Novice: 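Please find one structure pasted underneath; my questions will follow.
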Amino acid sequence: MKRTSWQEYQKDIAADKYYYARSCIRQNFFPGSEKAFLDILSKDLGVDIFDDPLHTSCTGIGYHSDVVPLETIMTVVARQFALMAEAGYENFVSSCITSFGIYNEILNTWEEFPETEERTRKYLKEATGRELVKPRTIAHTSDIMFYHRHEIARRAKHRLINALTGEPLRVVEHIGCHYAKIFPKSGIGGSEFPYVLAGMIESWGGNVVDYPERRHCCGFGFRNYLVQANRGSSIANSHKKLESMSPYKPDFIVANCPGCTMFLDKWQYAIAEMDGTTYGADGKGIPVLTYEEMAGLVLGYDPWELGMQFHQVDVEPLLNKMGIEYEPEAKYLGKGGKYIGRPAPAAVNCEEARHIYEIRR
Amino acid sequence: MRSLNFGYAISHPRAIDMDNNDLRKSRAIIEEMPELQACISCGSCTASCTAGNITNFNFRKLHTSVRRGEYKGAYEELNKCMLCGKCRLVCPRGINTRGLIMLIKRKLGDF
Amino acid sequence: MAHRVVIVGGGAAGIQTALELKSRGIEPIIVERDIELGGKARGWHKLFPLFTPAKDIIDPLIARLREERIRCFYGQEVTEIASDGVVLRSGERIPGDAVVVATGFTLFDAHRKQEYGYGLYDNVITSVDLERMMNSGRVVLTDGSEPRRIAFLHCVGSRDEKVDQKHCSKVCCITGVKQAIEIKQMFPDADVFNFYMDIRMYGPGYEELYRSAQQDYNIHFIRGRISEAAETINKRIQIKAEDTLTGRPLRMTVDMLVLLVGMSANYENKNLAQSAGIPLAPNGYFRTQDSFLGSVTCEREGIFFAGAATAPKSLADTLAEASLTASAVCNYIKVKYTK
Amino acid sequence: MTFFAPFTIPFIVGSIVMFAIIATKWITWIIQLPKVDRRLMRHNLLTRKTLYAIWEVIRESLLHVRIFRVNPLLGFMHMSLAFGWFLLIVVGWIETTVYLGWQMIPLQGHVFFKYFAPLNGIDTHIHLFDHLMDALLLFVLIGVALAWFKRFRARAMGMRRTTRHRLLDRVALTALWFIFPARLIAESITSAIYGNGGFLTGGIGGWLNNIIHHDILVALYEPSWWIYSSLLGAFFIALPFSRYMHIFTEIPLIFLRQWQLRPTSERKSYDNFEIAACSRCGICIDPCQLQSDLGINDTQSVYYLRDRRYNMLTLKVANNCLMCGRCEAVCPVGINLSTLRLNSRAKRRNIPHEGRYKYFAGIDRSNGSGKIGYFAGCMTTLTPSVQRSMEKIFEAVGDEVWYADKDGGVCCGRPLMLSGETDAARKMVVYNTDLFRRYEITTLITSCPICLRVFKESYRLDGIEVLHHSQYIDRLIADGRLMLDASSEVFTYHDPCELGRGLGIYDEPRNILTTLGSLREPWHNRDNALCCGSSLANTIIDDQQQRRIAERMTTELDATKCHTIVTACPLCNKAISRTAHHPTQDIAEVVARNIHQNC
């Protein structure tokens, strides 16, 4: 890759002892990813990561939708930090890009306007009796994965390589806007060309696709999506990106933001239904992965364990391409082999119906 | 083609798309009166405009859009002009604005 | 014995100062960091606003310098300056009765505006690259084909706090106009777009050239700074800007994007200034006493400036200023040594 | 006598074709006239107007009095050709009648009488007719010689430039040039053979007899008549398609015009008479400032009419005219050049858009109250001192004034009309008329001659007196209501086209200025005044061309060495002050600064 500018933007990422903060969207839409992250870190890499049951949502969605006031979210964030300190950690890790942006924004606000920190400290004390302790480092979970990318590469069972042709897979990486567009120095590689996902892809054998709309937003933008009247604008953004990337024939998209992963995936279905356009080989859609799923596949995790059946666009063509062995029949079986139901066939999820639950019926 | 109603559609981009806009008419207009390109967007024409005093008619913006191949509504908008000629009198670049208005109308109105 | 003046820098400013001093009976010595004289102007093809070949200006200057047998040090970097001489990196000291700082400027490094993809995308070049291409007589895309749509972006590294360049580089506007016309002369069927924030035509004949570019050459001027450039699959450049005059975003694909790079203060100015105990202006250029009668002098007697060491200047302004510097040096020496 | 010889065939065919075509054209045009025009014809047919028309036909179609006024030599040329030829025909007819008695003689009998009756003259003692016809022939030949001369030395005839012609015109012109020399030769040879003839043909005949052998003369006899007849035939056939159509068309035009038919802003059949009546004499070329100042020479009225007649009129030619009226003022045929030009602009799509100018509804930018209305006009807002001066004058005389457009109103509509959008302009006419009616004004004063003209010509403002501010001020002075301080200031006055040639207002501004000081006229003044070049009627010439016209004109104003250049039109004012060396003011400004303080 020609780009080297990312090296100018580095940041301090802790090697161990992380305090984990979950993402509202990911918990619900990609629960497998968050679990995989914890597993990869603690089991594969053997680092200390604490998933604290006491922590809450950062209320970022509410904040960006103008329903949660600044003072409130500051206090909530202060509480998260307090919990971290109480648990004996100082490296705060956020699973959500929105939250990551919120934490950075609030830490910077406290720095620029110390009186707001004092006020928050007071509110936190009054409300919960806890003491605010600011974290030593703050990172997004993708930063952590990026940090350990070489270690993961060493343990790789699969590489991002087309098993049939031996060619590297063409991967579109998409970075959530709030990762580095608010504070360029908060991201690996700055705001223009963040390297966090590209670094993983390159170390695991794939090729990053550099397409014109690479830096464009996916269109989630809270108020864009949450208000139905604005959804046309939301989908138009994803549409623009998909149109721009499709000539490069990407094998899959990987994103580090909950909203982006969800919308780049689900809008493919909506676009297909709206105007008949489908992307990807054979018009079956371009699979959209989380970086945990990507790492999980590299490390040899079972795709269904990773929760990849939650995607709108079927991932089976990608799994076949990577030469990953999986049980097609187990796709829609939940815990203990229980059938969890399956979506109606659509343009972008049209895998052949040769699943056991079909037979059972 | 299927089309399922989600209650919204893919919004048309607001951006001026210079790759897909049909620039033929714009080129023909500039070819006939190259002085249009000499506009430095000072806004004198719009500021002095008799029609602009009563409506939101903005010749500067309009001809700029037309030059970019954005013709939609331009003809109708130009019909607000009363052709009084004040703009020509104030244009610091000496652009024959009245002639231009007639030319653009002719090219866009196909007559 | 003649008085001796050390001139730091052998570009247009240094040479012209040297020639002027020599004609007034003073012995100038030029210390040039590069291995040849002529400075940046050597790299230019033609000069605005009359399309004068840069060679026609620089070559005679150098030739005269040789004729006058003016001493030059080549490949020597000055690390310290004082009113009585300079110190080279080698530690050697060159004494003089006065010192003229004619160190010029540094071209803004377009890599720093990474959103424009200089160095990443094949067909994103700088105005300096274009001058070089024109010098070689061949302006083509990397695949060897002729560009049919070219965009110029003004103010790259000028008036941009994000890269610490708050000042206007003064010459890029007219350079953009000049180069756009040259491109249009080479490729009459090409579409040329200049994206600008303001068009600043401060010199004689500049505004006229701008107007000619618009009306006679049909060059499109779009007011709006390109926000980002990206490469398409067929190696063209997709650019986005706001067409601020219609208030709408604008996007287009071009074959070639030319970045009109501005002038930065030399990084070394800081050390030189420190060694001489003189202040720098906030933008990193040397600070002159004032902008009027003291435009080539500083607070420390015996140290003088010529050319773009104090602010972005055109070649014409630089040459004019060099004569002024020579006259100021002369007066200084006369007053100081005839007591 | 049979009055037939084979050589007469070209002549006979030519004249039949010519009269057939001309008759067809005229009849078609008359039939296509709008009802209004036909009613006017019927109404005026049996009035004195018809007699005037006959008188005018004699003066203009035969004697060309108006051309004499432009240049006597040019007038003589036209007269000798037209009147001379006419007399040749009339006297020739009398001659045949005298010799042969009152009987039906075919046309060629008259024309080629010398051929058919070469010995007739010998019968009588007096060769009266021979000499008379020769004298007339000489008269015409002088005209032809002058025409040849004019081709090569136009300046001598008072014309700097002559018309460039089309092919058919050249055919007709060449035929015309040689018809009379051919006649002279044919008749001279005839005289030579028969030994008779008047002083000219007989003289040349005698001389020919001396130098050329009789047999050769006999051999040349028939061919010479063939040539004469063929030239006549060629000329006649080319005539209806060439500029010479004017010879006949000017006659019905004079009648129609006397019967009060006029061209309008809509094209109509009447226009054909005016267009065909243009002789393409080219007198309109020299006064055209587009020609003299800018060197544009394809758009003058003569070319415009030509292009329109042959259906090759381009929008550019139609639009490239200042409509200053200088050509119209000198046109010997009196063609309504500006109106014709205007209605060919109207050829452009002129259907007002459904919602066009809907925004006029409910707009009222007027203020003040009074029976006197003041309409500054769009342009006057760019010369605010005119408006302020008017306010000062109104205040000085104590008139209560209602200001129609102090904060910018709706345009008067003339600019739009000048661009051919007459129907759309009606919306402005209706709007402004309503506005004036609503405030019940009885006098409407405007500072803009453009507005003034449209108020007078296209608005129906019965009961409202429409005045230019110079007329109003002049009246105030005459009535003793406005006292001004006279001084030694020297003024020069520029006549705006719309005010002067357009509306005939020349004296009022001059009265005012002579009250205030002394007046020096520029070289071109009154109905010959130059245009400032900024005319709204022209949308083709560019800014620098406008400037050049203004500069030339302003040079004349500056040359008077006045103190102040005065004009009465905001547009002229802007144009003049652009290059003038003397301060330029509107007449209202000059008046306002000289109001007597105790007044």
Side-chain angles (χ1 to χ4, degrees), chain B residues 28-40 42 44-59 63 73-111, chain D residues 315-316 319-320 345 347-360 363 365 377-383 405 407-421 424-425 427-428 448 450-451 534-547 570-571 574-575 578:
Chain B
I29 289 164
I30 292 171
E31 199 174 318
E32 205 159 311
M33 291 186 83
E35 64 196 77
L36 171 57
Q37 286 282 61
C39 172
I40 46 174
C42 68
S44 303
C45 49
T46 309
S48 64
C49 180
T50 304
N53 187 27
I54 310 175
T55 69
N56 58 1
F57 177 60
N58 182 331
F59 180 56
H63 76 64
Y75 180 83
E76 291 70 21
E77 194 63 16
L78 274 174
N79 266 339
K80 287 182 182 168
C81 166
M82 296 188 249
L83 229 56
C84 72
K86 273 172 80 182
C87 46
R88 186 172 187 188
L89 222 51
V90 296
C91 178
R93 283 275 175 139
I95 297 169
N96 178 357
T97 48
R98 287 180 79 237
L100 259 169
I101 289 167
M102 286 162 65
L103 173 67
I104 297 173
K105 277 178 74 175
R106 208 166 71 230
K107 293 284 179 198
L108 297 187
D110 287 322
F111 65 93
Chain D
L315 210 56
K316 196 178 165 197
N319 282 340
N320 199 2
R345 290 177 183 185
K347 187 182 141 201
R348 293 177 32 238
R349 193 165 80 179
N350 185 27
I351 309 153
H353 184 261
E354 191 91 341
R356 196 158 182 199
Y357 303 130
K358 245 186 183 158
Y359 63 83
F360 290 171
I363 287 175
R365 296 287 173 99
C378 304
M379 293 296 173
T380 312
T381 58
L382 290 177
T383 53
D405 57 348
D407 302 320
V410 166
C411 172
C412 65
R414 178 143 173 93
L416 209 59
M417 289 182 186
L418 288 173
S419 307
E421 297 190 66
K427 301 210 173 191
M428 295 170 194
C448 177
I450 302 165
C451 306
S534 284
S535 165
L536 288 175
N538 193 313
T539 50
I540 299 294
I541 58 170
D542 67 25
D543 185 61
Q544 285 309 306
Q545 290 173 314
Q546 285 192 330
R547 187 186 177 280
L571 207 55
K574 285 265 174 204
R578 206 169 166 184

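None of the values given here were measured: they were computed from a predicted structure. Chain letters run A, B, ... following the sequence lines, proteins first and then strands; every chain starts at 1.
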Novice: What residue, out of B/Asn96, B/Thr97, B/Leu100, has the most heavy-atom pairs lying under 4.5 Å from chain D?
Specialist: B/Asn96
Novice: So, the side chain of B/Arg98 versus the backbone of D/Ser419: is there a donor-acceptor pair under 3.5 Å, distance only?
Specialist: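 No, because the side chain of B/Arg98 does not come within donor-acceptor range (under 3.5 Å) of the backbone of D/Ser419.
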Novice: At a heavy-atom separation under 4.5 Å, does B/Cys91 approach chain D through its side chain, its backbone, both, or neither?
Specialist: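 Looking at B/Cys91, nothing touches chain D.
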Novice: Looking at D/Gly408, D/Pro570, D/Cys411, D/Cys412, which makes the most heavy-atom pairs under 4.5 Å with chain B?
Specialist: D/Cys411
Novice: D/Leu315 vs B/Met102, test: side-chain contact (heavy atoms from CB on, under 4.5 Å). Steps then yes/no.
Specialist: CA-CA 11 Å; D/Leu315 210 56; B/Met102 286 162 65; over 6 Å; no
Novice: Nearest heavy-atom pair of D/Cys378 and B/Cys84: which atoms, and what distance?
Specialist: SG-CB, 3.7 Å
Novice: Distance from B/Glu35 atom CD to D/Asp542 atom CG, nearest 0.5 Å?
Specialist: 6.0 Å
Novice: Between D/Glu421 and B/Lys105, does a side-chain contact (heavy atoms from CB on, under 4.5 Å) hold up when you go through it step by step?
Specialist: CA-CA 12 Å; D/Glu421 297 190 66; B/Lys105 277 178 74 175; 3.3 Å; yes
Novice: Could you grab the distance from atom CG of B/Leu89 to atom CG of D/Leu382, nearest 0.5 Å is fine?
Specialist: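 Output value for this atom pair is 5.5 Å.
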Novice: Please enumerate all residues that pass side chain to side chain donor-acceptor pair (under 3.5 Å) together with B/Ser48, with sequence neighbours excluded.
Specialist: none
Novice: With a 4.5 angstrom heavy-atom cut-off, which part of D/Arg365 approaches chain B: side chain, backbone, both or neither?
Specialist: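 For D/Arg365, side-chain heavy atoms alone lie under 4.5 Å from chain B.
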Novice: Could you give the distance from CG (D/Leu536) to CZ (B/Arg88), rounded to the nearest 0.5 Å?
Specialist: 9.0 Å
Novice: CZ/D/Arg356 to CE/B/Met82 distance, rounded to the nearest 0.5 angstrom?
Specialist: 10.5 Å
Novice: Checking heavy atoms, do the side chain of D/Asn538, its backbone, both or neither come under 4.5 Å from chain B?
Specialist: backbone
Novice: Given a strict heavy-atom distance threshold of 4.5 Å, which part of D/Ile540 is in contact with chain B: side chain, backbone, both, or neither?
Specialist: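 When you check distances to chain B, only backbone atoms of D/Ile540 fall under 4.5 Å.
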Novice: With a 4.5 angstrom heavy-atom cut-off, could you sort out which part of D/Gln544 is near chain B: side chain, backbone, both or neither?
Specialist: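 Interface part for D/Gln544: neither.
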Novice: Looking at residues at least two apart in the chain, or sitting in another chain, which of them share a side chain to side chain donor-acceptor pair (under 3.5 Å) with B/Arg93?
Specialist: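 Testing B/Arg93 for side chain to side chain donor-acceptor pair (under 3.5 Å), a comparison that skips the adjacent residues, returns C/Glu207, C/Gln214.
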Novice: Starting at OG1 of B/Thr50, measure out to CE of D/Met379 and round the result to the nearest 0.5 Å.
Specialist: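 Taking OG1 in B/Thr50 and CE in D/Met379, the distance rounds to 7.5 Å.
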Novice: If you count heavy-atom pairs within less than 4.5 Å of chain B, which of D/Ile450, D/Thr539, D/Val410, D/Ile363 leads?
Specialist: D/Thr539
Novice: Using every non-hydrogen atom in the two residues, find where D/Tyr357 and B/Asn79 come nearest and quote the distance to one decimal.
Specialist: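 So the minimum-distance heavy-atom pair works out to CE2-O, 3.3 Å.
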